[in-house]
Amino acid sequence: MSSPPSPPGHTVKSFDDDLRSLRSMIGRMGGLARKQLDDSIEALLTSDEEAADRICAKDKELDEMEMEAEAYAISIIARRAPMAGDLREVIAALKIGSVIERVGDYAKNCARRVSVLAGHVDRGVHPGIAEMARMASSLLDDALTSFAQRDSELAKKVAAGDEAIDDYYESLFQALLAQIAEDPNQTATATHFIFIIKNLERVGDHATNIAEMVHYSATGDHIADRPKGGDATEISLPL
Amino acid sequence: MSSPPSPPGHTVKSFDDDLRSLRSMIGRMGGLARKQLDDSIEALLTSDEEAADRICAKDKELDEMEMEAEAYAISIIARRAPMAGDLREVIAALKIGSVIERVGDYAKNCARRVSVLAGHVDRGVHPGIAEMARMASSLLDDALTSFAQRDSELAKKVAAGDEAIDDYYESLFQALLAQIAEDPNQTATATHFIFIIKNLERVGDHATNIAEMVHYSATGDHIADRPKGGDATEISLPL
Amino acid sequence: MTLGGFALIIVALAVLAYLTTRARAAAFGGPAGTMRSHSRPVYHGAWAAILAFVPAILVIVFWAVLGDNIVAQQTLARIPEAIRPGSGIEQQAFLNELRAVYSGALPAAFNENVAAAVPVYGELVGFWRLVIGGLALLLALIGGGYAWLNSQSEFRARTHVESFATIVLALASLVAILTTFGIVLSLLYESLEFFSRVSPFEFIFGTQWSPQTAIREDQVGSTGAFGAVPLFWGTVFIGAIIAMIVAIPLGLMSAIYLTQYAGASARRILKPLLEILAGVPTVVYGYFAALTVAPAVREFAISIGIDSASSESALAAGAVMGIMIIPFVSSMADDALSAVPGSMRDGSLAMGATPSETIKKVLVPAALPGIVGGILLAVSRAIGETMIVVMAAGQAANLTANPFESVTTVTAQIVQLLTGDQEFDSAKTLSAFALGLVLFIVTLLLNIYALAVVKRYREAYD
Amino acid sequence: MTDPSSPSDTGETLPERTPTEWHSNAMQRRIRRRYARERRFRFFGLAALVLAAGFLAFLLFTIVSDGWRGFQRAEVAVEVTYVEDELTAESGSLARADYRTLLRRDLREQFGTERVASEGAWLRLRERMEENPGLLGQTERVWVVASPEVDLMAKGDVDFTLPAERRVVDDEMVEDYRDLRESDRVRLAFNSGFLSRADSTSSELAGVWGALIGSILTILVTLAISFPIGVMTAVYLEEYAPKNRITDIIEVSINNLAAVPSIIFGLLGLAVFLNFFGMPRSAPLVGGLTLALMTLPVIVIAARVALQSVPPSIKDAALGVGASRLQVISHHVLPVALPGILTGTIIGVSRALGETAPLLLIGMRAFVSDIPEGVTQPATVLPVQIFLWSDEVGRGFIEKTSAAIMVLLAVLLSMNALAIYLRNKFERRW
Amino acid sequence: MAEYDTETVVHEEMTLRNDAKMTARDVSVFYGQKQAVRSVSIDVDSHYVTAFIGPSGCGKSTFLRCFNRMNDTIDIARVEGDIDLDGRDIYDPKMDVVQLRARVGMVFQKPNPFPKSIYENIAYGPRIHGLAESKTDMDRIVETSLQRAGLWNEVKDRLDESGTALSGGQQQRLCIARAIAVDPEVILMDEPCSALDPIATAKVEELIDELQGRYAIVIVTHNMQQAARVSQRTAFFHLGHLVEYGPTDEIFTNPKADRTRDYITGRFG
Amino acid sequence: MAEYDTETVVHEEMTLRNDAKMTARDVSVFYGQKQAVRSVSIDVDSHYVTAFIGPSGCGKSTFLRCFNRMNDTIDIARVEGDIDLDGRDIYDPKMDVVQLRARVGMVFQKPNPFPKSIYENIAYGPRIHGLAESKTDMDRIVETSLQRAGLWNEVKDRLDESGTALSGGQQQRLCIARAIAVDPEVILMDEPCSALDPIATAKVEELIDELQGRYAIVIVTHNMQQAARVSQRTAFFHLGHLVEYGPTDEIFTNPKADRTRDYITGRFG
Ligand SMILES: Nc1ncnc2c1ncn2[C@@H]1O[C@H](COP(=O)(O)OP(=O)(O)OP(=O)(O)O)[C@@H](O)[C@H]1O
Ligand SMILES: Nc1ncnc2c1ncn2[C@@H]1O[C@H](COP(=O)(O)OP(=O)(O)OP(=O)(O)O)[C@@H](O)[C@H]1O
Ligand SMILES: [Mg+2]
Ligand SMILES: [Mg+2]
Ligand SMILES: O=P([O-])([O-])[O-]
């Protein structure tokens with residue numbers, strides 16, 4: 001079944017208002033998480049420690065937003081006893097909320113490495129990381145858009161986009177390993193970068209998770225044949 | 001407020017049955033995830049590739065169980081319009097389900113590294129990993145028990161237990177970095193181990209998440225001052 | 001054996017049929033819980049009893065009603081032509097005497113021809129009694145036996161019993177129609193007779209009413225006057241005007257007070273009081289009007305200078321009739337008011353209306369159709385009321401609007417015309433039926449209209 | 001519906017009303033006026049009720065104050081000697097003894113006039129003899145019914161100060177009465193004959209028993225016909241009748257019959273039962289039939305109301321467990337409706353019991369001095385009796401009329417009380 | 001109102017079979033000229049509670065009453081199509097309505113105990129159908145029926161009291177016990193809880209839950225949650241059409257038809 | 001039944017103040033000897049919808065009817081304690097009931113429009129209170145009231161039709177419009193949707209939602225979801241006691257009192 005042709009509003013408009021608020025809460029959270037991610041990479045590349053601190057501080061906000069959204073979703077369930085599509089949407093919002101919060105954690109995680117990495121930035125991997133961050137961020141954006149617009153087609157595309165990130169991750173991972181092998185002094189730095197790209201790779205996974213929730217919310221079905229537990233790309237790595 | 005003195009059953013007993021089924025579904029999932037985790041570490045330590053394959057295959061089961069539990073929780077919401085404690089419990093179950101699924105992913109992740117690591121096992125870190133796995137597993141167990149028994153006191157303890165794991169993680173991480181520095185040829189192996197201990201550290205975090213959900217479900221409040229987004233221990237690492 | 005004896009035997013047979021058939025049916029019923037048969041044993045028994053009883057008893061009743069005529073005609077046919085009476089009245093007298101002698105009411109016959117016919121008659125009666133009684137017994141046996149044989153497990157005795165009951169009930173409901181037809185036919189028949197003598201035009205528009213003169217046909221040029229307008233006026237004046245002036249405000253206000261203001265205990269006392277007022281027979285009101293109220297009214301009238309005041313005044317009759325109608329009006333109003341849902345009253349009170357505003361603006365308007373319907377019924381009742389006017393209004397057919405004068409009404413005249421010596425073909429007697437017809441039509445129309453109003457109103461709240 | 005209602009309905013664009021100034025003077029005045037009207041209205045209601053009740057009280061008072069004397073009669077004491085020869089002088093047997101002459105003689109001997117005792121005073125002697133045949137040949141003092149004039153004087157209804165022409169009794173009677181008083185040979189006693197005799201031309205002998213029996217016979221006929229037919233009709237109409245022409249006609253007939261003036265039923269009875277079927281005049285049978293037709297619609301309507309008040313849910317319930325229609329009616333509907341039906345029947349019957357007009361037309365106004373023994377014998381009924389007496393000129397009939405009214409009202413009231421009792425006892429709240 | 005197509009959505013596992021306890025095929029009901037139910041086909045299974053939901057006036061009650069021919073009591077109602085009970089057409093003129101109603105019991109919107117004792121309320125059905133041979137037999141029937149209805153403990157000491165003296169919820173359970181007493185195979189319930197408060201409702205729902213499996217139960221309800229709670233199968237009606245019929249979980253979490261979705265999510269009208 | 005303590009739980013933000021629109025202090029109501037409401041204290045705020053919930057017979061309606069003295073119409077009812085409207089005791093003998101009821105409007109369980117035209121239904125209140133100076137004034141009042149009640153568009157072309165000719169949900173909204181027309185400050189609603197089907201209910205709830213803020217609204221309901229949906233404050237009553245009073249979200253997701261929790265999660269009785 002294709003995405004429903006935007007169903008008519010509820011007889012009780014405040015129900016629509018509730019759903020809209022919840023959606024916009026999630027939207028705002030998503031926006032903030034994405035900004036945090038972009039900012040953290042930016043701070044990393046520019047070694048902007050101040051910005052990094054701001055980002056870390058801001059993560060708290062995201063955590064609070066998640067708790068708020070969760071409480072709101074629960075209160076919608078308690079107050080409206082939603083059914084069918086509405087129920088799925090609220091549940092999706094609930095889950096997307098925690099996914100976004102996790103994305104925020106990744107951003108904070110990156111940001112916290114800025115001060116450690118300041119001055120140790122390796123020109124070699126950087127363009128790759130920037131590109132990977134861009135990809136992750138845009139995938140996240142797509143996922144959030146698909147949620148905001150209840151666009152289950154877009155959501156399907158997101159799942160595909162994740163693969164590119166995984167590939168990218170693998171090549172960067174190899175590069176970083178090579179770097180360590182080349183210069184063992186770089187071990188710590190490279191390890192930090194490994195964690196960063198791992199995080200970015202996870203952002204991609206989570207974007208996919210969001211898309212999956214959107215698709216479920218819209219159609220009641222899960223996306224068929226979606227690879228789950230995706231973060232296993234570096235495993236093929238030869239010793 | 002302390003945990004409520006096991007409230008009387010619902011007037012409609014099938015509601016209680018539903019809740020019980022949901023709880024036992026989550027319990028079974030948790031048990032399986034924990035077993036997966038234990039098994040994967042065991043396989044790792046014994047380089048038992050066959051066991052590792054079995055574990056990877058079994059993860060699908062866990063995924064399915066999660067989807068099932070989620071569908072069941074949603075159907076409880078749709079059918080029973082639960083309120084107050086019941087509602088929180090269902091939501092908690094919903095979230096715990098995805099947490100457990102993620103724990104399963106970690107186990108699978110470890111297991112998939114078995115074949116790569118077979119023969120490259122480092123006697124030095126191994127006891128540490130085993131110990132850390134034991135800690136994570138037992139924390140998970142506590143969290144699941146607190147859920148099964150709606151024991152919000154036990155849940156509070158779980159949150160504290162996570163810190164020990166984090167400490168352990170840090171020392172292992174340092175040891176592995178040192179190993180790389182010592183012998184750059186070990187880079188790949190050590191990196192795999194880093195990912196493994198990182199996963200174990202995340203298991204601890206997730207156990208805490210479960211405990212947090214249990215506490216919330218029982219009391220309606222979040223555990224005060226719980227550090228969130230905990231996986232940042234290795235950041236202090238000097239370059 | 002008399003027919004009554006046969007009837008008793010038939011009853012016994014019916015009981016027997018019931019018992020045996022029920023027992024037979026109980027046997028194939030099987031133990032409870034197994035495949036149930038269609039009808040329980042009692043139904044089989046009941047059906048057997050019905051089959052045994054009904055046709056047989058119908059035969060007996062038929063004979064009891066019509067048999068005598070048949071026997072009489074046969075007797076007439078059998079006796080020698082010489083002693084056979086002529087037709088018409090002569091024959092009727094003959095037969096009456098015959099029966100009287102046969103039954104022993106007359107010790108002996110006056111007419112010797114009758115005496116000769118008695119044995120023939122007796123023989124025939126005995127013969128037919130045996131034939132009919134036997135036939136009835138036979139029918140009872142056949143019916144009961146048939147039912148007994150028929151009481152198979154799959155036989156639908158219950159359905160049959162139910163259909164039979166339905167038919168009996170439906171027949172009962174026809175009595176009402178028959179009564180209505182009876183009224184219409186009898187009134188029409190006699191009225192047509194009347195109108196063949198007196199022009200309907202004169203009857204309806206004439207203003208002179210003096211039927212008494214009509215019988216004295218020897219008086220040349222005086223055929224009586226049958227202009228009923230004074231009667232119609234008197235009826236309206238007393239029943240629809242004076243009575244209503246008394247009854248409507250008192251009845252309505254009583255109902256309002258009772259339903260809306262009076263406490264539960266006051267209502268418990270006052271309501272039966274009004275009901276007593278309704279239960280007092282009209283003759284009592286009439287007596288009271290004639291003996292107590294009328295003289296008082298007359299005295300009052302004379303004291304205020306109206307010398308024409310009659311001791312049988314329209315006012316006395318009308319006022320007493322009004323009082324008689326109070327409970328009628330008040331109970332109709334009561335019904336109408338209490339049919340208005342209580343929530344309506346609460347709704348108004350909750351808006352900040354006082355009780356009287358609630359009553360005047362919500363309850364009464366809401367109940368108005370019911371109240372109006374009730375008043376129309378009250379009017380219809382008042383104009384059909386007889387005893388008060390017979391006793392208190394007098395017989396003078398005056399066309400006056402003076403309430404202290406005597407007027408007469410349709411009903412009073414009917415009684416007047418029909419309680420003297422009656423000559424069934426005089427215009428005087430027949431005129432009573434014409435008056436009755438008018439009364440019937442008028443009240444019928446009033447009722448149909450009022451009931452329609454009330455019904456439509458009831459439906460609004462169902 | 002495409003939901004046009006919403007945005008324009010929401011508050012924003014609506015003009016705000018200034019809040020009502022509840023405490024302004026104008027508003028306060030208005031409210032005081034409204035309360036005054038309220039009190040007035042309430043007063044009118046009470047006044048109406050009081051008026052109605054007052055009238056009832058007045059009516060009852062008038063009747064009782066007249067009527068209680070109807071239950072009394074004056075008696076005079078006569079010394080009677082039961083001389084056998086004289087008693088049997090004319091007829092030759094004691095069974096047909098002539099007490100009248102005997103008493104007349106005694107009266108004349110003792111009072112100088114027969115006028116102190118009633119025309120029918122001798123009946124008392126016969127009673128005595130029947131009670132105690134041993135009295136034959138004896139002499140005893142017997143209280144016999146006084147004449148109407150003595151009765152009046154004994155009850156104090158005669159104003160002795162008036163000149164003789166304007167009195168009902170002449171001077172001679174007054175003298176006789178004075179003598180009686182002085183010799184203590186007049187007394188007021190309970191009028192047992194009033195409750196045991198039938199009509200009579202002399203007021204002091206007239207009784208209501210005959211009329212009462214007539215009423216009872218008439219009502220029995222009425223009941224026997226109208227109750228079963230009425231209930232069956234009601235059951236048919238409520239539970240069986242399909243919606244069709246015939247049913248409509250039946251409904252209309254019944255509703256209209258209920259409101260047809262009773263006198264029309266009299267005309268019907270006259271035309272059909274008397275003239276067409278040739279049934280006996282003045283008989284309870286015909287009266288009962290006529291009243292039955294009149295009562296039938298009342299019972300049908302009351303029964304239908306009672307049947308309707310049985311909640312349909314109960315019928316559904318019974319049907320739902322597989323009861324047949326007849327079972328539903330006989331097991332559930334009728335038992336529940338029965339009190340209502342009975343109440344309606346009693347009310348209908350008691351109305352019939354008070355009915356006069358139709359009976360006048362079928363000849364029940366005839367003078368009947370015998371107590372009827374069957375439904376085909378001539379009889380009169382209480383209300384007609386009242387009507388007849390109320391027309392009598394004799395002064396003694398006024399109190400008799402009132403007394404008869406009291407009897408009638410007592411019967412009716414007890415019937416109504418029964419109805420109310422039944423209604424209250426079985427009234428059910430669903 | 002949005003335009004919907006009028007096709008029935010029948011969920012896969014619900015495709016019509018002829019071995020169900022009761023089957024309706026192309027059933028239409030007319031009130032005079034007006035069609036209240038439009039060609040509805042449905043199966044009622046022995047082991048499930050089936051719920052009928054839909055907006056007011058959509059014909060739920062009308063359709064329900066076809067199953068035990070209670071519509072026969074409405075003069076102007078006319079039923080077309082086939083309804084079978086165990087494969088036998090119940091509208092066959094040879095079918096005996098009285099027996100049918102004993103086999104297909106009914107519980108009504110407002111509790112309607114007979115104004116008789118509790119005992120007599122239960123005993124009535126068995127008595128008219130002659131199901132008890134003796135007094136002890138009848139006692140047993142009364143007791144088991146009340147027990148099954150979960151009312152025995154509450155009333156066992158006052159079986160002689162009037163059934164109308166019970167509370168609303170108890171009355172409704174009494175009515176269910178009464179229906180059970182004649183040992184029916186199917187129980188129809190038309191909004192059995194709409195006159196009850198939440199607690200009484202919960203008890204009746206509990207009872208329905210316990211009866212499920214023993215009887216085929218069909219319940220009409222306006223309360224979506226109730227339908228979701230007590231039933232395993234749900235049928236959604238709209239304007240006399242059967243719009244969707246399927247497993248309750250599916251209907252309430254993922255309905256297939258737009259109309260169903262709009263109705264259960266509160267987007268109607 | 002479990003033992004509960006009878007102390008009232010009042011949520012922090014709800015502690016009693018005396019500047020609320022209506023305040024009830026230690027209100028008890030007796031029907032003859034029987035006490036139906038036991039010393040209840042509560043504040044009703046202008047800007048909120050307050051819901052009263054609780055099992056049947058717990059005294060919700062009785063307590064609600066104290067607020068506009070509709071209990072006066074019941075002979076045996078007796079009210080103790082203070083109820084103030086804007087600080088003035090409404091049970092003061094000097095308080096004018098007629099005025100009070102104009103200021104505290106009421107909407108009943110079953111829609112009860114007067115059997116008059118729609119226009120007259122609305123105009124009734126203003127007319128008896130003399131609120132309109134002229135016909136145009138009255139027209140304006142009628143229009144605004146109907147608009148606020150969200151009914152104007154549906155009925156503007158047929159103001160002359162009888163109010164009873166509307167559908168159930170429209171009737172209930174008409175009753176609300178009628179209450180609004182006299183410009184009340186508080187609107188009391190006693191189970192205003194229990195006679196309505198889900199769709200009409202949704203519309204009335206929508207209306208309540210829109211009226212919120214303009215009037216203090218108190219609503220009694222048996223439907224927990226409804227209370228949760230439309231109200232911001234919820235009071236839970238049990239056996240005549242006020243058990244818990246607080247913000248709706250709190251009450252329904254995290255009630256403080258055991259009784260409340262058991263009731264809203266369906267563990268009662
Ligand atoms: N006895 C009747 N006579 C005529 N029409 C009827 C009758 N009963 C119901 N209807 C009509 O048939 C249609 C279906 O009615 P039905 O009672 O089956 O609806 P429902 O779905 O049960 O509604 P609700 O949920 O309000 O009970 C409605 O339009 C109704 O007006
Ligand atoms: N008019 C009355 N006379 C006597 N007792 C009454 C009256 N009205 C209510 N009661 C009693 O007062 C108590 C409270 O009744 P109330 O109607 O306020 O309850 P409620 O909470 O509104 O219940 P419901 O939810 O059933 O409407 C009940 O026990 C009831 O029996
Ligand atoms: Mg229905
Ligand atoms: Mg209430
Ligand atoms: O959330 P993760 O740490 O498992 O990527």
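None of these values were measured; they are calculated from a predicted model. A, B, ... follow the sequence lines: proteins, then strands. Residue 1 opens every chain.
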Find the one option among F:A202, F:P198, F:G168 whose heavy-atom pairs under 4.5 Å with chain E are most numerous.
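Highest number of pairs under 4.5 Å: F:P198.
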CD1/E:I199 to CZ/F:R267 distance, rounded to the nearest 0.5 angstrom?
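Reported value, rounded in 0.5 Å steps: 13.5 Å.
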Interatomic distance, E:D197 atom CG to F:S194 atom OG [nearest 0.5 angstrom]:
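Reported value, rounded in 0.5 Å steps: 12.0 Å.
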Do other residues, nucleotides or ligands put more than 12 heavy atoms under 6.0 Å from [X] [atom1]?
X      : atom1 : answer
E:Y119 : OH    : yes
F:K110 : NZ    : no
F:F108 : CZ    : yes

Can you sort out the partners of E:S41 under side-chain hydrogen bond (donor to acceptor under 3.5 Å, both in side chains), two or more places apart, ordered by chain and number?
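Counting only residues at least two positions away or on another chain, E:S41 forms no side-chain hydrogen bond (donor to acceptor under 3.5 Å, both in side chains).
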